[in-house]
Amino acid sequence: MTEKTSTSRQPAIIIGLIALCVVLFWSLVAKHVEPTASAYDASQSQTATEQQEVIKWKLVTTWPKNFPGLGSAAENFSRVVEDMSNGRLTVKVYGAGELVPALGVFDAVSSGSVEAGHGAAYYWKGKIPAAQFFTSVPFGMNAQEMNGWLHYGGGLELWRELYEPFNLIPFAGGNTGVQMAGWFNKEINSVDDLKGLKMRIPGLGGEVLNRAGGSSINIPGGELYTALQTGVIDATEWVGPYNDLAFGFHQVAKYYYYPGWHEPGPTLELIVNKDAYEALAPDLKAIVDAASRMANQDMLDEYTARNNAALQELVNEYGVQVRRLPDEVLIRLHEISDEIYAEQAEKDENFKKVYTAYKAFAEGARNYHKISDQAYFEVRDLETTE
Ligand code: CA
């Protein structure tokens with residue numbers, strides 16, 4: 001009897017337990033899912049997207065519209081942001097002078113009159129001397145090392161700290177790789193040949209040349225060809241074969257010197273107004289971050305792919321004479337560069353802080369590259385017998 005009663009109660013107990021589990025399960029599900037459940041409803045989600053405001057950004061650049069190489073990063077950034085956000089964030093690119101002059105980019109984005117800008121941090125050295133480290137400095141890091149420092153070595157955090165008072169968020173926005181030393185109308189065989197040399201060379205490189213006895217002149221890119229042709233300058237640096245060929249410098253200068261000691265791997269910058277960035281939804285912020293990383297790497301890829309073809313054309317079709325700067329000259333320029341860093345670090349606290357961090361990372365990268373990239377470049381050039 002007892003046994004029978006017990007057996008007859010089992011289904012009821014099981015049903016009771018199942019009911020309890022269902023209730024508990026639903027109470028848990030409801031607790032965790034209910035607040036966001038409507039966002040996962042397909043029809044409501046679609047309606048939300050349709051009703052969502054399209055955010056329209058303006059991006060001003062220091063380059064002419066559609067400028068090869070340097071100008072491609074802003075266009076790439078714009079295209080990727082628009083595609084990835086399905087048109088919820090659009091970025092209209094304006095070339096230099098269209099909305100603001102080339103060197104008005106920083107102020108325009110800082111004030112919020114436009115949301116974004118593309119250029120190079122060393123253009124703002126008058127406001128922020130330490131900004132020069134975020135483009136390139138003489139005998140400094142190459143593209144690979146800069147990217148490592150910025151994204152995994154604390155560089156980007158320092159850069160953002162430096163731009164914080166200007167309400168700006170900087171991102172790496174491209175890299176040209178090692179540039180060429182430039183186009184010269186006289187041979188450079190010794191340090192003495194730098195004396196009296198009138199050369200277009202901006203930034204710290206220009207200061208180094210001045211101290212070596214030369215005379216640095218800053219002339220906008222569009223006027224360089226004429227300046228070289230008429231003898232206003234004896235030499236100019238620009239970028240590398242891909243960009244320089246397009247400018248036609250080979251028509252007005254005899255010698256093409258390397259390496260670009262003054263710009264061994266300049267990072268271009270993408271700046272975003274901090275309020276505009278903070279107003280974005282988390283997914284749009286992630287899209288801006290990802291698009292900048294893409295645009296940064298893409299520029300280096302393009303230069304890597306196109307520089308050699310342009311160099312071959314310069315040499316084989318136009319008879320350009322490619323020359324290496326003598327060791328004596330490079331060593332002297334390196335010594336002067338170190339003197340200038342030490343002096344500027346004494347004058348400016350931020351310069352000192354960034355220089356200290358930059359130098360520590362650069363020394364580590366240099367040390368490791370001696371047995372990796374540098375060693376590999378040397379060994380692959382060893383003569384083989386076949
Ligand atoms: Ca340059």
Side-chain angles (χ1 to χ4, degrees), residues 61-64 67-74 96 102-103 105 118-125 131-143 145-146 172-184 188 194 197-210 212 214-225 227-228 233-250 252-253 255-269 296 299-300 302-304 306-307 310-311 314 320 322-325 329-330 333-334 337 340:
T61 69
T62 57
W63 330 108
F67 195 59
L70 299 173
S72 64
L103 299 183
V105 165
H118 190 265
Y122 68 2
Y123 291 151
W124 327 124
K125 68 169 187 172
Q132 295 172 104
F133 288 103
F134 298 100
T135 307
S136 200
V137 295
F139 299 95
M141 291 192 268
N142 71 7
E145 294 164 345
M146 277 299 290
N175 199 304
T176 67
V178 180
Q179 298 201 352
M180 291 290 282
W183 296 87
F184 291 70
I188 305 295
L194 298 175
L197 182 80
K198 290 175 290 177
M199 179 172 183
R200 184 269 183 188
I201 173 169
L204 281 167
E207 290 181 41
V208 174
L209 179 71
N210 291 344
S215 171
S216 71
I217 299 165
N218 204 358
I219 298 174
E223 297 166 28
L224 286 176
Y225 182 95
L228 206 51
I233 50 174
D234 307 310
T236 185
E237 71 82 51
W238 184 237
V239 181
Y242 174 48
N243 280 143
D244 296 5
L245 173 67
F247 261 86
F249 293 133
H250 55 280
V252 289
Y255 308 108
Y256 198 20
Y257 272 96
Y258 69 94
W261 57 276
H262 63 301
E263 288 183 279
T267 295
L268 285 307
E269 75 171 7
N296 183 53
M299 187 189 290
L300 185 63
E302 186 180 11
Y303 277 108
T304 302
R306 301 195 197 282
N307 268 334
L311 180 68
L314 286 168
V320 166
V322 178
R323 303 273 176 97
R324 184 183 182 280
L325 285 172
V329 170
L330 291 165
L333 294 170
H334 198 162
S337 303
I340 291 177

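Note: hydrogens, waters and symmetry copies are ignored here, and every other heavy atom, side chains too, is used. Indexing begins at 1, ligand by ligand and atom by atom, following the structure's order.
Relative orientation of the W183 and H250 rings is tilted, given thresholds of 30° and 60° on the angle between their planes.
Under the side chain to side chain donor-acceptor pair (under 3.5 Å) criterion, S216 pairs with N210, sequence neighbours left out.
Each protein N, O or S atom less than 3.0 Å from the Ca ion (ligand 1) was counted, giving 5.
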message: As a quick check of understanding, evaluate side-chain contact (heavy atoms from CB on, under 4.5 Å) for E302 and Y242, giving each step before the final call.
response: CA-CA 9 Å; E302 186 180 11; Y242 174 48; 3.2 Å; yes
- prompt: Going through the checks in order, is the salt bridge (charged side-chain N to carboxylate O under 4.0 Å, His left out) test met by R200 and E223?
  reply: CA-CA 11 Å; R200 184 269 183 188; E223 297 166 28; over 6 Å; no
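In the model, Y256 has a side-chain atom that pairs as donor or acceptor with a side-chain atom of D244 under 3.5 Å. With 3.5 Å as the limit, one finds no donor-acceptor pair spanning the side chains of Y257 and E237.
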